[in-house]
Structures are given as structure tokens and as C-alpha cells.
K.L.:
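Below is one structure. I have some questions about it.
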Amino acid sequence: MPEGPSLVILKELAQPFAGRTIAAAHGNSKVVPYDELPGQPILSLRTWGKHFLIELPLFTLRIHFLMFGSYRIDERKENSPERLGLAFEEGGELNFYTCAIQLIEGDLDQAYEWHADVMADAWKPAAALKKLRAMPDTLVCDALLDQTIFSGVGNIIKNEVLFRLKIHPASTVGALPATKLRELVKQARQYSFEFLEWKKAFVLKQHWLAHTKRICPRCNIALHKAHLGKTRRRTFWCERCQKRYGPVL
DNA sequence: CTAAATGTTAAGCC
DNA sequence: GGGCTTAACATTTA
């Protein structure tokens, strides 16, 4: 479920619920004040990267699906209790499972840097570039997963963007030529939107070139697989066509 | 059947 | 306090 484009799909599917008023709420979250929810209308439904935001008059519910989270609209899962279930006066229900929920008090514009979300209209590539230039020793495989720079980018997008740009995942940010760094920022968004279209068409996996793959589709040699960087996330790359910039650490 | 994974956060340690 | 490691969460698929 995670990664920014999947959240955009949820936001679009849930958009008809904006403006509806909560009639009943239940679930097994420890932080949600279920008693306070009935009577509150949804002011907006938004996303920031991998966060799904339900803005209410008194606070905002921040839902993060982590690895295994899921949701159902106007139906429920059979064998799983709701972490949060919302029923509405106008009809319909939103149900969320195995997700991490937080309450956000106060102004959302204060809480979120909207321009850091690669899926957002407000996305500012110049801001991402500036942050990258301030961390020259960081590996690119870690930088792409940094949610303060590329909010919404996940491990699949990371592997595919680096393969597409022919950048070795263990390259350091500071060693990338200026044009390559700009391409990295551009592709983080570009690939995420292609991911969105493929996901909507249920053809995402067949477009993977590196992620979970064993053979390089460009070179026909074996891909490498390791848990690289400080993030120690699964990384797939080709030693032949992905150029390593910077020192071998 | 077991392991590993589209992710984040908190606790513990040096 | 910083920076690192580990664990916890908990579902689905290979």
C-alpha cells in the first residue's frame, strides 16, 4: 500500500467523502478519540507523501500505512478489525487497517512542507536540490528515501529511478555532476507519476526493470542485490550500466 | 512453512 | 546529546 502514488489513488477514491459528517466511529487505535468524532465534518482529504490526512474542525487524523496497512471504502475486511472505521450521516464508510494513526493539532500548513511531496502541485525541485547539496556525503540510495526531501518516494521508486538514470545506488550525492543531480530530482517526480498511472491500470509490476529483478534488461547480466546505505533497504542494481560516482565506501 | 518485504518510530547503548 | 542498532508493529506473498 505505501509509496506516494498509492496514497494519491486513495485520496481520489475518498474525495467524495469530503464535506460529509461523521455519524459513528470505532476502531482499535490507542490515540484516536472515537467519542469526539461524531458530528465533525471532513473539511478536506489530503496527502503528503505517504501520509493520508483527514482534516476535521478540531484536529487532523494522520494515517500512515507503513508496510502492511490497507483500507476499504463502503465495505469491510472480513478477518481484520478496523484500526479506524468511520460511518457518515450522508451514508458510506471509510475503514482503515493495520495503520499508524496520529492526531495533528493546529494548522496543517504549519505541520507540513507541502512542496517536499513529489506528487504535489506545490512540489519545488529547487528546494530538493538545495537540501541535497547540503548533504554531499549521503549515499543516493539513502537520499531518495529521505522523506523530508522526497516525500512519497519509497523503495520501489528508489530502485527504478536509479536504474533509469544509470546511477549506482552507492554513489555519494556530492559526487554527482550537477546535471545528474537535477535529473535525479526530476525523475523522482516523473517516475512517481508513471508509477501512479501503471498502478491505476494494474500493470505496475510488469514495468519494473530492476526492483525484484535478477537480470539487467539492458546488459543481460545478473543484477546485484544488497541492503545498502544507512536505511539498509533492499537495493537492486547493475554493476555494468549504473555508474558509481564518488568514493567506494 | 518460513522468510522477507512498498515503512516508521521508539528504546537502548556507547 | 548524537549517532547507531535493534525491536516492534503485523499482513501478504514467494
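Note: hydrogens, waters and symmetry copies are ignored here, and every other heavy atom, side chains too, is used. Below, chains carry the letters A, B, ... as their sequence lines are ordered, and counting in each starts from 1.
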K.L.:
Between A:Arg234 and A:Arg62, which is nearer to the 5' end of DNA chain B once each is assigned its nearest nucleotide?
P.N.:
A:Arg234

K.L.:
Establish, for the pair A:Lys243 and A:Tyr245, whether the NZ or CZ atom is under 6.0 angstrom from the six-membered ring centre and no further than 45 degrees off its axis.
P.N.:
yes

K.L.:
What is the 5' to 3' range of DNA chain B, first to last nucleotide, that sits under 4.0 Å from any heavy atom of chain A?
P.N.:
B:dA5 to B:dT9

K.L.:
For A:His51, which contact category applies under a 4.0 Å heavy-atom criterion: base, sugar-phosphate, or nothing?
P.N.:
nothing

K.L.:
Indicate, with yes or no, if the rings of A:Phe17 and A:Phe88 have centres closer together than 6.0 Å.
P.N.:
yes

K.L.:
Give me the first and last nucleotide of DNA chain C, going 5' to 3', that has any atom under 4.0 Å from a heavy atom of chain A.
P.N.:
C:dC4 to C:dT12

K.L.:
Using modelled atom types only, decide if a donor and an acceptor are shared between the side chain of A:Trp48 and the backbone of A:Glu113 within a distance under 3.5 Å.
P.N.:
yes

K.L.:
Can you list everything that forms a side chain to side chain donor-acceptor pair (under 3.5 Å) with A:Glu55? Sequence neighbours excluded, please.
P.N.:
A:Ser44, A:Arg46

K.L.:
In this structure, are over 12 heavy atoms from other groups packed under 6.0 Å from A:Lys200 atom NZ?
P.N.:
yes

K.L.:
Please identify each residue that fulfils salt bridge (charged side-chain N to carboxylate O under 4.0 Å, His left out) with A:Arg218, with sequence neighbours left out.
P.N.:
none

K.L.:
Hey, could you give me each pair passing side chain to side chain donor-acceptor pair (under 3.5 Å) that has a residue in residues 80-109 of chain A? Not counting sequence neighbours.
P.N.:
A:His26-A:Glu82, A:Asn28-A:Arg83, A:Arg76-A:Glu93, A:Glu82-A:Tyr97, A:Glu93-A:Asn95, A:Asp109-A:Trp114

K.L.:
Can you list, in residue-number order, the parts of residues 112-120 of chain A that come under 4.0 Å of DNA chain B, counting heavy atoms only?
P.N.:
none

K.L.:
Just checking, is any N or O donor in the side chain of A:His168 or A:Glu239 under 3.5 Å from an acceptor N or O on the other one?
P.N.:
yes

K.L.:
Using the benzene-type ring in the case of Trp, are the ring centres of A:His51 and A:Tyr112 under 6.0 Å apart?
P.N.:
yes

K.L.:
Any side chain to side chain donor-acceptor pair (under 3.5 Å) pairs touching residues 116-129 of chain A, not counting sequence neighbours?
P.N.:
none

K.L.:
In terms of the angle between their ring planes, are A:Phe96 and A:Phe65 parallel, tilted or perpendicular, with boundaries placed at 30° and 60°?
P.N.:
tilted

K.L.:
Applying side chain to side chain donor-acceptor pair (under 3.5 Å), name anything that partners A:Thr231, two or more places apart in sequence or on another chain.
P.N.:
A:Asp142

K.L.:
Taking the side chain as everything from C-beta on, heavy atoms only, tell me whether A:Leu162 gets closer than 4.5 Å to A:Val140.
P.N.:
yes

K.L.:
Quiz question: by atom type and distance under 3.5 Å, do the side chains of A:Glu194 and A:Gln190 form a donor-acceptor pair?
P.N.:
yes

K.L.:
With sequence neighbours left out, write down each residue that passes side chain to side chain contact (heavy atoms under 4.5 Å, CB included) with A:Lys130, or none if nothing qualifies.
P.N.:
none

K.L.:
Where along residues 63-81 of chain A does a heavy atom come under 4.0 Å from DNA chain C, residue by residue in number order?
P.N.:
A:Phe68, A:Lys77

K.L.:
Give DNA chain C the dot-bracket treatment, 5' to 3': Watson-Crick (N1-N3 with N6-O4 or O6-N4) or G-U (N1-O2, O6-N3) under 3.5 Å, [ ] crossing, | other strand.
P.N.:
.||||||||.||||

K.L.:
Please say whether more than 12 non-hydrogen atoms of neighbouring residues, nucleotides or ligands are located less than 6.0 Å from CD in A:Gln206.
P.N.:
yes

K.L.:
Need one value for A:Arg83: base, sugar-phosphate or nothing, where a base atom within 4.0 Å counts as base even if backbone is also close, heavy atoms only.
P.N.:
sugar-phosphate

K.L.:
Taking the P atom of each, how far is C:dA7 from B:dA4, in whole Å?
P.N.:
14 Å

K.L.:
Report yes if the distance between the aromatic ring centroids of A:Trp208 and A:Phe195 is under 6.0 Å, otherwise no.
P.N.:
no

K.L.:
Of the residues in residues 195-217 of chain A, which ones touch DNA chain B at a heavy-atom distance under 4.0 Å?
P.N.:
A:His211

K.L.:
With no hydrogens and no angle check, just 3.5 Å: does a side-chain donor-acceptor pair link A:Lys158 and A:Thr235?
P.N.:
yes

